[in-house]
Amino acid sequence: MIISGKELSAQLKSDMARQVAAFPEKYGRVPHLVVILVGEDPGSVSYVTGKAKASEVVGIRNTTIRKPEEITEEELLEIIARLNADDSVDGILVQLPLPRHISEERVIAAIDKSKDVDGFHPLNVAALWQKQECVLPCTPKGIIKLLKRAGVEMEGKRAVVIGRSNIVGLPVAKLLLNENATVTIAHSRTKNLAEVTREAEILVVAIGRPKFVTADMVGEGAVVIDVGVNRDPETGKLCGDVDYAAVEPKASVITPVPGGVGPMTICCLMENTIECFLRKQK
């Protein structure tokens, strides 16, 4: 089974659009997402454009603030401070990566936790592990939705996550634990990695290395979730962390790149923005 994130995200966005359509009468306005884009990295520009289009579909107000790559860290932090104080703003997202002279950690920590629609703020990360109310990171949240949509039973299953970042690897491991899976967290230099991954009934790969996972690393009938978005060094086309052509015949369920996890990330960003908006209405 090939899981289409495009199809599921389209359905979920349609449901959200119906929900948001009632907000002006009920709350006097719709949710407002502000995206800050620093520089002109083609990948970042594409992501930001996709977020704006999704906002339009759902009916969320979207504002994109574009700043040159030369902006100082202090100037960027001042923009975030103003947005934190603006009651009309429900969600703030700073598109990553940032230029090297700007600390991503400081920028993420500067965003008001209640407006952190990416779920990257240290307090949101801590709350996730403590099973407290928090904003779930978009990509891990989307992965769990895809697995459930595909009818994948997670309880009691052996899951392996390759990747340890706070953006994908660690939070998706925690969400799988919440579904009562048994989870192993590995990285690209884990000793005898192929032996570890072949035991996985659910394999999630998020390391940003094109076609890193080959057929000999995957057990028959495994569920394979590919989070990577890379350029194939041979063809220049988009590809994942998984050698899709080689692995697909062995997998019972697999996500393609593009069109798998990616659309769900933006879909869950819309959902998080709505959730942040609704928490303010309580």
Side-chain angles (χ1 to χ4, degrees), residues 4-24 27-69 71 75-76 79-80 82-84 86-99 102 104 107-108 110-112 114-121 135-142 145-146 167-168 227 229 238 257-280:
S4 171
K6 289 183 179 180
E7 291 181 7
L8 179 55
S9 66
Q11 293 174 13
L12 293 175
K13 284 186 288 188
S14 178
D15 293 341
M16 284 186 274
R18 287 191 290 271
Q19 180 187 17
V20 171
F23 286 176
Y27 302 114
R29 66 181 182 89
V30 298
H32 183 193
L33 170 65
V34 177
V35 178
I36 302 173
L37 173 62
V38 178
E40 296 294 332
D41 175 76
S44 294
V45 171
S46 176
Y47 285 135
V48 169
T49 301
K51 290 163 185 172
K53 289 180 179 178
S55 297
E56 184 176 352
V57 169
V58 172
I60 290 174
R61 179 185 171 193
N62 181 282
T63 300
T64 301
I65 298 176
R66 293 176 176 260
K67 292 296 177 181
E69 189 172 351
I71 189 174
E75 290 172 324
L76 181 55
I79 293 171
I80 292 171
R82 289 197 295 271
L83 295 173
N84 285 341
D86 188 341
D87 287 339
S88 72
V89 174
D90 304 294
I92 303 169
L93 183 153
V94 178
Q95 182 64 47
L96 303 179
L98 291 170
I102 298 176
E104 291 186 354
V107 168
I108 291 170
I111 297 171
D112 186 325
S114 67
K115 299 185 180 185
D116 169 37
V117 287
D118 257 338
F120 296 163
H121 191 284
V135 179
L136 295 179
C138 300
T139 299
K141 185 178 184 179
K145 286 180 179 290
L146 280 174
I167 295 175
V168 179
V227 186
V229 180
L238 284 178
V257 175
V261 174
M264 290 302 299
T265 298
I266 294 179
C267 177
C268 288
L269 171 64
M270 301 296 104
E271 188 172 275
N272 284 354
T273 303
I274 293 171
E275 289 177 2
C276 289
F277 169 81
L278 291 174
R279 287 188 185 120
K280 291 171 64 177

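In what follows, every heavy atom counts, from backbone to side chain, and hydrogens, waters and symmetry copies are set aside.
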- Item | Validation row: Ile167, Thr139 side chains within 4.5 angstrom (heavy atoms) | no
- In chain order, what residues pass the ring-ring contact (aromatic ring centres under 6.0 Å, His included) check against Phe120, with sequence neighbours excluded? none
- Single hit among Leu83, Asp116, Asp86 for side-chain contact (heavy atoms from CB on, under 4.5 Å) with Ile92: Leu83
- Query: In Å, rounded to the nearest 0.5 Å, how long is the span from CD1 of Ile65 to CD1 of Ile36?
  - Reply: 5.0 Å
- Query: So, the side chain of Lys280 versus the backbone of Asp87: is there a donor-acceptor pair under 3.5 Å, distance only?
  - Reply: yes
- Message: Looking at Asn84 and Asp112, would you say the former's side chain and the latter's main chain have a donor-acceptor pair under 3.5 Å?
- Response: yes
- Is Glu75 salt-bridged to Lys67, cutoff N-O under 4.0 Å? no
- Query: Mind checking whether Met270 and Leu33 have side chains closer than 4.5 Å, heavy atoms only?
  - Reply: yes
- Pro24 versus Val30, closest heavy-atom pair with distance: CG-CG1, 3.8 Å
- Message: So which atom in Gly5 and which in Met264 form the shortest heavy-atom distance, rounded to 0.1 Å?
- Response: O-SD, 3.8 Å
- Note on the structure: Nearest heavy-atom contact between Arg29 and Ser88 is NH1-O, 3.5 Å
- The reported gap from CD in Glu271 to CG in Leu136 (rounded to nearest 0.5 angstrom) is 9.0 Å
- Query: Any chance CD of Gln11 has more than 12 other-residue heavy atoms, nucleotides or ligands included, within less than 6.0 Å?
  - Reply: yes
- Sub-4.5 Å side-chain heavy-atom contact between Lys141 and Asn272: yes
- Query: Counting only N and O atoms by type, is there a donor-acceptor contact under 3.5 Å from the side chain of Thr49 to the main-chain atoms of Val45?
  - Reply: yes
- Taking the side chain from Lys6 and the backbone from Pro263, do they hold a donor-acceptor pair closer than 3.5 Å? no
- Item | Exercise: identify the closest heavy-atom pair between Arg279 and Val135 | NH1-CG2, 3.7 Å
- Item | Test side-chain hydrogen bond (donor to acceptor under 3.5 Å, both in side chains) applied to His32 and Asp90, Thr273, Thr63, the passing residue | Thr63
- Given Leu12 and Lys145, is the side chain to side chain contact (heavy atoms under 4.5 Å, CB included) satisfied, shown in steps? CA-CA 10 Å; Leu12 293 175; Lys145 286 180 179 290; 4.2 Å; yes
- Query: Ignoring hydrogens and geometry, is there a side-chain-to-backbone donor-acceptor pair from Glu104 to Leu98 under 3.5 Å?
  - Reply: yes
- Message: Contact between Cys268 and Pro140 at the side-chain level, heavy atoms closer than 4.5 Å - yes or no?
- Response: no
- Message: side chain to side chain contact (heavy atoms under 4.5 Å, CB included), that's the test. Do Cys267 and Met16 meet it? Break it down for me.
- Response: CA-CA 10 Å; Cys267 177; Met16 284 186 274; 3.7 Å; yes
- Sequence neighbours excluded - ring pair (Phe, Tyr, Trp, His ring centres under 6.0 Å) pairs with any residue from residues 39-58: none
- Message: Would you say that Leu278 contacts Phe23 through its side chain, given a criterion of any heavy-atom pair below 4.5 Å between the two side chains?
- Response: yes
- Query: If every non-hydrogen atom of Cys276 is compared with every non-hydrogen atom of Val117, which pair is closest and at what distance?
  - Reply: SG-CG1, 3.9 Å
- Item | Test item: Arg66 and Glu40 side chains (from C-beta on) under 4.5 Å apart, heavy atoms | yes
- Would you check, one step at a time, whether the test side chain to side chain contact (heavy atoms under 4.5 Å, CB included) holds for Leu96 with Ile108? CA-CA 10 Å; Leu96 303 179; Ile108 291 170; 4.2 Å; yes
Less than 3.5 Å apart, which donor and acceptor atoms pair up between the side chains of residues 52-59 and the rest of the protein, not counting sequence neighbours?
from, atom 1, to, atom 2, distance (Å)
Ser55, OG, Lys51, O, 2.9
Ser55, OG, Asn62, ND2, 3.2

- What is the minimum heavy-atom distance between Ile102 and Ile71, and which atoms define it? CD1-O, 3.7 Å
